[in-house]
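A short write-up of the structure that comes next.
When a ligand or atom number is given, it counts from 1 through the structure's own listing order.
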Amino acid sequence: MVKAWCMDDSQEDQRLPHKRAGDSDVSLEQLKDIGVEYFNINPQNFEENETLKKIRKDRNYTYMDRIECSREKLPDYENKIKAFFEEHLHVDEEIRFILDGSGYFDVRGKQDEWIRIFLEAGDLIVLPAGIYHRFTLDEKNHIVAVRLFVGEPIWTPYNRPQEDRDVRKEYVAKYITAA
Ligand code: KMT
Ligand code: NI
């Protein structure tokens with residue numbers, strides 16, 4: 001089960017859950033409607049996992065590496081953490097499979113509201129090209145993730161606003177303004 005919710009407006013520590021009061025849960029279906037896909041895969045011996053093999057084959061995710069985010073393990077930690085949390089988009093999908101630890105991916109919903117997605121070991125998320133998003137560690141300050149990509153990876157973030165960029169226009173047409 002994916003754990004996602006609408007965020008509150010508090011300016012408190014980004015690492016806190018920031019769950020909006022009341023019925024704030026966001027379903028898998030609602031995530032699909034903005035192009036976000038979610039899978040659950042056993043992280044143990046994941047390289048041999050048939051479901052992951054199929055996803056990689058079907059979607060041509062030829063590239064794979066591993067990133068560990070913690071003060072000790074991530075070079076240039078402070079700046080990276082800051083950059084991850086700047087609202088941005090990419091011209092390609094962002095695919096992350098969590099092996100250990102946890103964190104939050106925030107994505108913009110149909111009304112431009114922030115939706116927070118909690119990810120922990122076994123969660124695989126695909127953010128579509130052109131979606132505005134950001135990432136933060138949670139209070140445990142540790143995550144290990146596999147990064148997947150179609151071909152040679154380009155991680156370039158384009159910070160909002162990017163309304164004139166083709167990939168943004170295509171995203172908006174497909175998921176926001178489409179009936
Ligand atoms: C990204 O691009 O935001 C990251 O790679 C964050 C760490 S992976 C969970
Ligand atoms: Ni990103």
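At a heavy-atom cutoff of 4.0 Å, ligand 1 is contacted by no atom of R134, backbone or side chain. Here P157 has no heavy atoms under 4.0 Å from ligand 1, in either its backbone or its side chain.
The name of the N, O or S atom in E94 nearest to the Ni ion (ligand 2) is OE1. H90 contributes atom NE2 as its closest N/O/S atom to the Ni ion (ligand 2).
Those atoms of ligand 1 with a heavy atom of F135 less than 4.0 angstrom away are 3 (O), 6 (C), 7 (C), 9 (C). In summary, the atoms of ligand 1 found under 4.0 Å from a heavy atom of C69, numbered by their order in the structure, are 7 (C).
Contact check on K80 versus D76 returns no salt bridge, with no Lys/Arg side-chain nitrogen under 4.0 Å from an Asp/Glu carboxylate oxygen. Using a 4.0 Å cut-off between charged nitrogen and carboxylate oxygen, E50 and K53 count as a salt-bridge pair. A salt bridge links R108 to E87: one of the charged nitrogens lies within less than 4.0 Å of a carboxylate oxygen.
Environment of NZ in K32: sparse, with no more than 12 heavy atoms of neighbouring residues, nucleotides or ligands closer than 6.0 Å.
The shell of residues lying under 4.0 angstrom from ligand 1, judged by heavy atoms, includes E94.
Taking the centre and axis of the six-membered ring of Y158, the NZ or CZ atom of R165 falls inside the cone set by 45° and 6.0 Å.
Taking distance alone, with nitrogen or oxygen atoms compared against 3.5 Å, R96 approaches ligand 1 more closely than that limit.
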Show every donor-acceptor pair shorter than 3.5 Å between a side-chain atom in residues 117-137 and any protein atom, with sequence neighbours excluded, or say none if there are none.
{"unit_1": "E120", "atom_1": "OE2", "unit_2": "K3", "atom_2": "NZ", "d": "3.0"}
{"unit_1": "D123", "atom_1": "OD1", "unit_2": "Y38", "atom_2": "OH", "d": "2.5"}
{"unit_1": "D123", "atom_1": "OD1", "unit_2": "N40", "atom_2": "ND2", "d": "3.1"}
{"unit_1": "D123", "atom_1": "OD2", "unit_2": "E120", "atom_2": "N", "d": "2.8"}
{"unit_1": "Y132", "atom_1": "OH", "unit_2": "Q162", "atom_2": "N", "d": "2.8"}
{"unit_1": "Y132", "atom_1": "OH", "unit_2": "E163", "atom_2": "OE2", "d": "2.4"}
{"unit_1": "H133", "atom_1": "ND1", "unit_2": "H88", "atom_2": "O", "d": "3.2"}
{"unit_1": "H133", "atom_1": "ND1", "unit_2": "I131", "atom_2": "O", "d": "3.0"}
{"unit_1": "H133", "atom_1": "NE2", "unit_2": "H88", "atom_2": "NE2", "d": "2.8"}
{"unit_1": "H133", "atom_1": "NE2", "unit_2": "H90", "atom_2": "NE2", "d": "3.2"}
{"unit_1": "H133", "atom_1": "NE2", "unit_2": "E94", "atom_2": "OE1", "d": "2.9"}
{"unit_1": "R134", "atom_1": "NE", "unit_2": "D106", "atom_2": "OD2", "d": "2.7"}
{"unit_1": "R134", "atom_1": "NH2", "unit_2": "D106", "atom_2": "OD2", "d": "3.3"}
{"unit_1": "T136", "atom_1": "OG1", "unit_2": "Q14", "atom_2": "NE2", "d": "3.0"}

